[in-house]
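Quantities reported herein were computed from a predicted structural model and do not represent experimental measurements. Note that these values count all heavy atoms, side chains included, but never hydrogens, waters or copies made by symmetry.
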Number of protein chains: 2
Amino acid sequence: MAKRQRRGSQRVTMGEVARLADVSPSTVSLYLRRPDEVSAHRAEQIQSAIDRLGYLPNVMAGGLASSRSRVIGVLVPTVTNSFFSETLETLERHLRDAGYQLLIGNTEFDEAREEELVRSILSWNPAGLVLTGFGHSRKTHALLSQSATPVVEMWDYGQPGLDMVVGFSHHACGRLIAEHLLAQGRRRTAFVSTHFQRDVRAQNRYHGFRDTVEAAGGTVVLQQLSGRSHAEETGRLTGELLEAHPEIEAIACSNDMVALGVLFECQRQGLAIPARVAVAGFGNLDFTASTVPPLTTIEPPRHEIGRRTARLLLDSLTRRIDGDARRLDLGVRLVVRESA
Amino acid sequence: MAKRQRRGSQRVTMGEVARLADVSPSTVSLYLRRPDEVSAHRAEQIQSAIDRLGYLPNVMAGGLASSRSRVIGVLVPTVTNSFFSETLETLERHLRDAGYQLLIGNTEFDEAREEELVRSILSWNPAGLVLTGFGHSRKTHALLSQSATPVVEMWDYGQPGLDMVVGFSHHACGRLIAEHLLAQGRRRTAFVSTHFQRDVRAQNRYHGFRDTVEAAGGTVVLQQLSGRSHAEETGRLTGELLEAHPEIEAIACSNDMVALGVLFECQRQGLAIPARVAVAGFGNLDFTASTVPPLTTIEPPRHEIGRRTARLLLDSLTRRIDGDARRLDLGVRLVVRESA
DNA sequence: CACGTAAATCGTAGCGCTACGATTTCGGTC
DNA sequence: GACCGAAATCGTAGCGCTACGATTTACGTG
């Protein structure tokens, strides 16, 4: 086991490296920040001193001195949701490759918590901030606008936003599904969803769906789960739904996990999919291609959001981005399989 | 939009708060660090100055001065995996409540990448570090042992470890499943798994399974997916497996996602579960209770790992933890449903 | 080979805060 | 009201680094 040294044991300092390399600390600092501005000879000396001493720069000291940090804060509702975690992973890779560290926080769908997290992240003097969606408290708005930190709101599109926006329209997703079902002549529909309080984006998809179906003279029964998509509850609610509304011929789900629950419930009840009732999801999760029957769903650009968010943020750090380029609608794709 | 101020616009400083509150900066600092050591009167003055100015402490300055930071680094293979992300969420909540920020990194199952991440996190002088599992490069070992940072290795148990350990035995998981299947008289088995290179823990579960089955005179056919659990490939490989080994009467899967793929493939082939072939998973993911038939699986202590890791780490920061208390085996629970 | 210019290197002054010893304030006592 | 100990407050000296102007070095030129 590591033997405990004195508290806060800051290892080797830049000065020690400088002494060993027989240069001034400034030169070491310069070498680390802009290696091509020191001569090849010194570079070699310095690097070997660094290696020999196992020097690690002290980020806090550097950050304090330069009053900026290679930190980017990212707030998602929950890393537990595979949509966000996949975006997060891509985002992390791209930002880290550019030399940034991610400070991640789970807002847990709570604006007050988000505000606290924003506060705590701003304490780091972050180079940028990534938030999920448009829902923020007044105070959060105030904090952000007085801090001058570049901000990207991701995973949504269609509102003005604080600064930069990378996402897609959830309303359009709902419309897309609705149009697909209507084209099959299905007008009696239901929308089974996680609770809107836990997911405003699901609510937007619902609105897009409902507006489109109703505009075509169809009906929509909304069934909301009490919390996050819990398979058991999904099954039960679907059962109740179909009993109360036997006329329903299509079920749109707020996401693929809900759709999976619906699928299994239909199996249990012996309802043929899509003959008796069509089922559609959202997310194009890995398993959807091989359910029985394969699930019709929507592919959101989860990785593309991460990639473009990283790029936009990094770009905004080096040059002025204006107008249109600050807002990206990445769109979605309907994946038609057999279930609808 | 926020108007850009001068670069690195550090907002209000502690000195400004002090001036407005008519006390010295030291008193403000003291108030922030140990509020009960300043008089009620001053406390009130200071707090109101803080509120009025919207003061946010500068973490970098504080960290530099005290040469410690309220940062804890966490490295997981990928946040995309729901096991890790759930642990992460719990860990985050607990550590944040204790005033710590998480610096998260995805190792992507790559020791070299992990080493880089460890290096980058050590630059922050973290109060602690959480790693996943026991597999680390030599250099990582060296870095950690010379840094004196408390380290918890989580999600595994049964090896000495670097410092502290919170997890459970994957070998035991495999054994548990095997014993359950053997008790039903099933001796011709298969193990369908994500690729071991992406998941040593799956390999350990396999070893536990195989050892137990073989010790009872049974057989195990191993089928490894090429990468992460991809449902389509799972279906295909399961098909091939059952064709090549029609005698197989039980399939253990490295996780529930794989099991889901197997389930659907059996449905497609019209094989009755569990009559013709039993299927068991690992993870007790949300959907497993309502598949058709419901899936027998193992419940790993995903949240408990987060909770206990947080507690152990925090405890180790305030007092000496010794011997036994540094290594926690949280165990697992077999969840018997209908599929096996 | 003195000179000029550009490239390389260096010295200094903080960045905003904390640690800690020094100083002041506050009640209570005699 | 002078005196005391404890509590509250303050002043100072950095933490390790970066920014930037000052200085030195290198190198080609007349």
With side chain to side chain contact (heavy atoms under 4.5 Å, CB included) as the test, would you mind laying out the steps for A:I72 and A:L103 before giving the verdict?
-> CA-CA 6 Å; A:I72 286 174; A:L103 232 37; over 6 Å; no

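- Among all heavy-atom pairs drawn from B:L91 and B:G306, the shortest one is CD1-O, 3.3 Å.
- The bend of the helix from C:dC1-D:dG30 to C:dC30-D:dG1, defined by the angle between the axes of its first five and last five pairs, stands at 50° to the nearest 10°.
- Proximity note for B:M14 (side chain, C-beta onward) versus C:dT18, C:dA8, D:dC17: the nearest is C:dT18.
- Under the 4.0 Å criterion applied to side-chain N and carboxylate O atoms, A:D315 and A:R319 are assigned as salt-bridge partners.
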Pairs under 3.5 Å (N/O, protein and nucleotides 26-28 of chain D):
none

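- The residue among B:M60 and B:R34 whose nearest nucleotide of DNA chain C lies closer to the 5′ end is B:M60.
- If you measure from atom CD of B:E37 to atom P of D:dA6, you get 16 Å, rounded to the nearest angstrom.
- B:D36 has its CG atom 13 Å from the C1' atom of D:dA7, to the nearest Å.
- Residue A:S24 places no side-chain atom within donor-acceptor reach of the base of C:dG11, judged by atom type and a 3.5 Å distance cut-off alone.
- Ion pairing between a basic and an acidic side chain is recognised when a charged N comes within 4.0 Å of a carboxylate O; A:R119 and A:E115 show such pairing.
- The pair B:E108-A:R93 counts as a salt bridge, with a side-chain nitrogen and a carboxylate oxygen less than 4.0 angstrom apart.
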Could you run down nucleotides 21-27 of chain C 5' to 3' and tag each one B, S or - for protein heavy-atom contact under 4.0 Å?
-> -------

